[in-house]
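Encoded as structure tokens, the structure appears first; notes follow it.
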Amino acid sequence: MGKESKEIYYDLDSSTEDLFMEIFNKKSFPMNIKFLFQGNSKQKQLVKVSKISDQYAFALGKELLISVNEDLLNVFDDDSITILIEQEIDKININMESGKIKLVSTDLNTFSSIVNKWGVEKVARANKVEELYVDQQKDAKGDEEFII
């Protein structure tokens, strides 16, 4: 897989698109999403999901760009490929009222040594507590300004 020429962007092999859609379809999304697929030989990650700006989404009839470096498909085992694709898919968030699609950041971002030492659940819980604390501080500051 992958393109041998010097082009950075290229059409993906249909089996790569099928693989992404197979993993995507195992997730449950409340509405249909229109994807635009492209290969990117310079991309440093296997797969990347990007939101297409509204003006181009209208012109293209697509909502999200799925960019894949097919050369990396040969480097990863099947489980790693599935995990990396699922991580990108999990960034997709749909507002049910407006139908707007947005991409959210990951909820666990840390060093592998920390995960190896403490385990995923404890690290995730610690990060969630930290995030909640920061949010509460912002809310408290907003309340304080409202009262004054």
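This is a predicted model, so every value here is computed, not measured.
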Supply the atom-to-atom distance [X] [atom1] to [Y] [atom2], rounded to the nearest 0.5 angstrom.
| X | Y | atom1 | atom2 | answer |
| --- | --- | --- | --- | --- |
| L64 | I101 | CG | CD1 | 5.0 Å |
| N95 | K102 | CG | NZ | 8.0 Å |
| S15 | L73 | OG | CG | 8.0 Å |
| E17 | D11 | CD | CG | 8.0 Å |
| E63 | K100 | CD | NZ | 10.5 Å |
| L103 | K48 | CG | NZ | 10.0 Å |

Answer yes or no: is there a side-chain heavy-atom contact under 4.5 Å between [X] and [Y]?
| X | Y | result |
| --- | --- | --- |
| Q45 | L84 | no |
| I52 | L36 | yes |
| I33 | F24 | yes |

Exercise. Hey, mind stepping through L12 and F20 against side chain to side chain contact (heavy atoms under 4.5 Å, CB included) and telling me if it holds?
Worked result: CA-CA 11 Å; L12 287 179; F20 178 89; over 6 Å; no

For this session: Kindly check if the number of other-residue, nucleotide or ligand heavy atoms within 6.0 Å of CG (N25) is above 12?
Result: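 Yes, CG of N25 has more than 12 neighbouring heavy atoms, counting only those of other groups under 6.0 Å.
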
For this session: Give a yes or no on this: more than 12 heavy atoms of other residues, nucleotides or ligands lie within 6.0 Å of atom CZ of F58.
Result: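 No, because the 6.0 Å sphere around CZ of F58 holds 12 heavy atoms or fewer from other groups.
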
Is there a donor-acceptor contact under 3.5 Å from the side chain of [X] to the main chain of [Y]?
| X | Y | answer |
| --- | --- | --- |
| E70 | D13 | yes |
| E88 | V49 | yes |
| T82 | D78 | yes |
| N40 | S67 | no |

Problem set entry | With V47, the side-chain contact (heavy atoms from CB on, under 4.5 Å) member among I66, L19, I81, N69 |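 Single pass found, and it is I66.
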
Exercise. Between F37 and F35, what is the ring plane arrangement, given parallel below 30°, perpendicular above 60°, and tilted in between?
Worked result: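 Geometry flag for F35 against F37: tilted rings.
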
Do you reckon [X] sits in the same ILVMFWY cluster as [Y], going by side-chain contacts under 4.5 Å, direct or chained?
| X | Y | value |
| --- | --- | --- |
| V104 | F29 | no |
| I83 | I85 | no |
| V120 | W118 | yes |
| I94 | M21 | yes |
| L65 | M31 | no |

Problem set entry | Residues forming a side chain to side chain donor-acceptor pair (under 3.5 Å) with D90, sequence neighbours excluded |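 Scan of D90 (side chain to side chain donor-acceptor pair (under 3.5 Å), adjacent residues dropped) gives K27.
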
Problem set entry | Smallest separation among heavy atoms of G61 and K34, with atom names |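 Answer, listing the atom of G61 first, then K34: O-CD, 3.2 Å.
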
